[in-house]
Each structure stands twice: as structure tokens, then as C-alpha cells.
Student: 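Below you will find the structure I want to go over with you.
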Protein chains: 2
Amino acid sequence: MQLSNTSQYAIRMLAYMADKKDSPLINATELSEALHIPYKFLTKIMTELVKADLVVSVRGREGGYSLSKKASDIKVDDILNIFHDSIQDKQCVLGIGFCNGMCKCALHDQWMEPKILLQKMFRDSSLEDIAGKGCKI
Amino acid sequence: MQLSNTSQYAIRMLAYMADKKDSPLINATELSEALHIPYKFLTKIMTELVKADLVVSVRGREGGYSLSKKASDIKVDDILNIFHDSIQDKQCVLGIGFCNGMCKCALHDQWMEPKILLQKMFRDSSLEDIAGKGCKI
DNA sequence: TTCAATTACTACTCATAGGTAGAATTTATA
DNA sequence: TATAAATTCTACCTATGAGTAGTAATTGAA
């Protein structure tokens with residue numbers, strides 16, 4: 001019961017970038033060293049974030065990455081959606097495809113409250129909200 | 001952000017058994033057909049549940065499986081623990097090994113409440129609580 | 001123009017979850 | 001005792017997540 005490594009890395013990468021909003025561009029080497037994420041894997045993830053339009057990249061010397069919009073306009077849930085890690089409204093904790101009010105799984109009622117709280121956490125938290133909170137990792 | 005297939009299957013299998021507490025033994029064929037879980041995979045999971053002492057098995061003709069204790073004494077969290085799917089107290093939503101009060105991740109505060117609710121759901125729900133709830137799946 | 005620093009692309013390896021196959025073992029019943 | 005119905009064991013296969021390697025493409029600066 002946890003997020004994929006890819007999603008965890010992506011959130012940390014973007015939160016770091018939001019925190020350094022003064023720097024126009026941040027490169028992969030800095031991110032990799034600051035966050036202890038393998039360089040090659042980080043650039044692979046970043047390319048997906050660029051394709052998803054959360055990040056813009058500048059290639060070539062003096063290049064790097066920057067957020068494509070205001071940190072307050074990028075929610076954690078936007079990141080999870082890219083990597084299919086978001087919690088869907090109809091998602092069943094026991095993996096039953098047709099779990100709903102009519103035919104529900106054994107844990108349906110107990111799952112409601114934590115599910116809504118998780119969704120709220122992911123949907124309400126923007127990069128601005130979380131940037132600079134806690135330690136620089 | 002979801003439980004492993006194995007944990008989902010195991011919970012459904014044990015809930016089904018708790019629901020049929022009148023039958024002294026339930027065999028793998030019945031469980032496989034009732035729950036639409038691949039037979040061979042189901043027996044593999046069941047053998048792990050036997051080794052973990054949540055289930056007792058009777059081999060040979062007329063054999064099958066039964067819960068090793070009262071349904072009210074088996075919590076969903078006991079099942080998750082077998083498959084390393086339980087949520088640990090110190091588990092960080094961003095996968096930071098040393099996330100705590102002193103040096104916490106960017107989502108540490110937001111994660112607190114849903115984490116506690118998830119743990120509560122898993123730790124408080126016994127097989128007796130969930131057996132027979134919802135549809136027979 | 002050349003070079004070095006940067007991202008992007010392609011393809012691979014490795015580990016693990018999910019699932020399958022077949023034979024061995026056990027045991028009640030005919 | 002022989003058989004059939006059941007669990008268990010060993011070994012494998014497949015798909016996917018995680019991570020690596022090498023090269024191509026881009027571009028600012030010397």
C-alpha cells in the first residue's frame with residue numbers, strides 16, 4: 001500500500017523545483033545530487049513530465065527544466081495521474097471491478113472515509129503548498 | 001496506490017470462509033469458482049496462509065481449509081502483514097527512509113490523518129466484521 | 001566553428017509480482 | 001487395496017516496475 005517509486009521521485013523533483021522558483025532553470029545533475037535519485041532514471045521521469053506538460057525543458061548548454069505553470073496550479077494528483085497512481089472515485093480496495101452501492105465488496109464501507117481523505121490530500125496539495133516544507137530532500 | 005493482488009485475493013478468500021462458518025471445511029475448487037481467482041494461484045496463496053497459521057488445512061479426499069481461530073480474532077491487518085502490505089507507523093508517503101518529526105518529507109503533515117485512518121481500517125476490521133457484507137464475491 | 005554541457009531517444013538489464021504446470025503426497029471411501 | 005479427491009512442493013513462465021548504458025540531438029559560449 002504505497003505510491004510507486006516513480007511517483008514518489010516525481011513529486012520530490014517537482015517540489016524541489018517549486019522551492020527554487022528564483023532559479024529560471026534547474027538541471028538534472030543538480031536534482032539528482034540534491035535528491036539522491038539516480039541520474040539516468042531521473043531524466044527518464046523528467047521527460048515524461050515534459051510530455052505531460054507539467055515541465056518545460058531547454059536543451060543544450062545552459063539548459064535545464066522549469067515548471068510549466070505556477071506552483072499553485074500543479075497539484076500532487078496531477079503528478080499521480082501521469083503514472084496511473086491516482087485514486088479513482090470508483091476504486092475498490094479489494095480490486096473488485098464492479099464494486100459500488102448495488103454490489104459492494106466486504107470492505108466497501110470502511111474504505112470510504114480513508115479513500116476520500118487520500119483523494120483530498122492529493123487533490124488539494126499543490127506544489128506551492130508543499131515546497132520548502134520539511135527538510136530539503 | 002493500492003493493495004497487491006495477493007493481499008486482495010487473500011482477504012476475499014478468508015472473508016468467504018468466515019462467511020461460511022457452518023461448513024467445517026472449504027476446498028480450493030469452491031473458493032476458486034466462487035471468487036473467480038485462478039485455482040493454482042489460490043492454492044499457492046492458501047499455503048502461505050497455512051504457514052502463517054491463519055488457516056489450517058486437511059489434506060487428502062474430503063480435505064480442505066478452515067480458519068485457525070475465531071473470525072473475530074483475525075484482522076485484515078494480520079493478512080496484510082503476511083504479504084508485507086501493511087502500513088507501518090513510520091511509513092513515509094514519499095518513500096524517504098528517515099522521514100520523521102526532525103526531518104520530514106514535503107507531504108508529512110498531510111499524510112498523517114489518512115495514514116492513521118487506513119491503519120485503523122485494517123487493524124480494526126476483523127473477518128467477522130466483514131464476512132457477509134456486500135455481495136458474495 | 002568547435003566544444004562542452006545539456007536534454008531526448010532507443011534499447012537493454014535486473015528484480016519482483018503475478019500466474020501456470022506437473023508431479024508428489026495424503027487420506028477417505030468403495 | 002485401489003482409486004479418486006484433495007493439498008503441497010518444485011520449478012517454471014510472463015508482465016511490469018525499476019534502473020542502466022550508449023548515443024543522438026540541441027545549443028550557448030569560447
Side-chain angles (χ1 to χ4, degrees), chain A residues 1-14 17 23-33 35-68 79-80 82-86 94-95 97, chain B residues 1-13 17 23-68 79-80 82-86 94-95 97:
Chain A
M1 194 68 172
Q2 58 182 355
L3 297 177
S4 64
N5 273 18
T6 306
S7 288
Q8 292 177 339
Y9 286 161
I11 295 168
R12 290 171 53 212
M13 286 154 55
L14 294 176
M17 290 169 68
S23 322
L25 287 177
I26 300 172
N27 66 44
T29 303
E30 173 180 349
L31 282 163
S32 169
E33 290 175 354
L35 303 176
H36 305 99
I37 298 172
Y39 175 84
K40 281 288 201 177
F41 193 35
L42 184 144
T43 60
K44 189 178 190 176
I45 294 169
M46 200 59 106
T47 299
E48 294 191 68
L49 295 175
V50 170
K51 284 180 180 158
D53 285 324
L54 258 52
V55 168
V56 290
S57 64
V58 175
R59 299 174 68 162
R61 186 161 178 170
E62 307 290 300
Y65 303 100
S66 66
L67 299 182
S68 69
I79 306 167
L80 299 189
I82 299 171
F83 306 105
H84 310 103
D85 241 343
S86 178
L94 296 187
Chain B
M1 192 68 172
Q2 57 181 357
L3 296 177
S4 65
N5 273 17
T6 305
S7 288
Q8 292 177 338
Y9 286 161
I11 294 168
R12 291 171 53 214
M13 286 154 55
M17 291 171 67
S23 322
L25 286 178
I26 300 172
N27 66 42
T29 303
E30 172 180 349
L31 282 164
S32 169
E33 291 174 355
L35 302 176
H36 305 99
I37 298 172
Y39 176 85
K40 281 288 198 177
F41 193 36
L42 184 144
T43 60
K44 189 179 189 174
I45 294 169
M46 200 60 105
T47 299
E48 292 192 69
L49 295 175
V50 170
K51 284 180 180 159
D53 285 324
L54 260 51
V55 168
V56 290
S57 65
V58 176
R59 299 175 68 161
R61 186 164 178 163
E62 306 291 302
Y65 303 99
S66 66
L67 299 182
S68 69
I79 306 167
L80 299 189
I82 298 171
F83 306 106
H84 309 103
D85 241 345
S86 177
L94 295 187

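Below, read A as the first sequence line, B as the second, and so on, with proteins coming before strands; counting in each chain starts at 1.
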Student: With 3.5 Å as the limit, what N/O pairs link the protein to nucleotides 21-23 of chain C?
Tutor:
| from | atom 1 | to | atom 2 | distance (Å) |
| --- | --- | --- | --- | --- |
| C/dG22 | N7 | B/Lys40 | NZ | 2.9 |
| C/dG22 | O6 | B/Lys40 | NZ | 2.6 |

Student: I want to verify a distance call: between D/dT8, C/dA5, D/dT7, whose nearest atom is closest to the A/Arg61 side chain?
Tutor: C/dA5

Student: To the side chain of B/Glu62, which of C/dT26, C/dG19, C/dA28 is closest?
Tutor: C/dA28

Student: Tell me which nucleotide among C/dC9, C/dG19, D/dG19 gets nearest to the side chain of A/Pro38.
Tutor: D/dG19

Student: Less than 4.5 Å apart, side chain to side chain, heavy atoms only: is that true for B/Gln8 and B/Met13?
Tutor: no

Student: Checking all strands, does A/Thr43 fall into the base, sugar-phosphate, or nothing category for heavy-atom contacts under 4.0 angstrom?
Tutor: nothing

Student: Could you tell me, to 10°, how much the axis swings from one end of the helix from C/dT1-D/dA30 to C/dA30-D/dT1 to the other, five pairs per end?
Tutor: 10°

Student: Taking OP1 and OP2 of C/dC9, is either one under 4.0 Å from a side-chain nitrogen or oxygen of A/Thr47?
Tutor: no

Student: Does the side chain of A/Asn27 get closer than 4.0 angstrom to OP1 or OP2 of C/dA5 through an N or O atom?
Tutor: no

Student: How is B/Ser4 classified with respect to the nucleic acid when contacts are heavy atoms under 4.0 Å: base, sugar-phosphate, or nothing?
Tutor: sugar-phosphate

Student: Using only heavy-atom distances, determine whether the side chains of B/Ser4 and B/Ser7 contain a donor-acceptor pair under 3.5 Å.
Tutor: yes

Student: What is the nucleic acid contact for A/Thr6, judged by heavy atoms within less than 4.0 Å: base, sugar-phosphate only, or nothing?
Tutor: sugar-phosphate

Student: Measuring from the side chain of A/Ala28 (C-beta onward, heavy atoms only), which nucleotide among C/dT7, D/dT8, D/dG19 has the closest atom?
Tutor: C/dT7

Student: Closest approach to the side chain of A/Tyr39, judged atom by atom: which nucleotide of C/dG19, C/dT7, D/dT7 is it?
Tutor: C/dT7

Student: Can you tell me if B/Lys44 touches the phosphate of C/dA17, counting only side-chain N or O atoms and a distance under 4.0 Å to OP1 or OP2?
Tutor: no

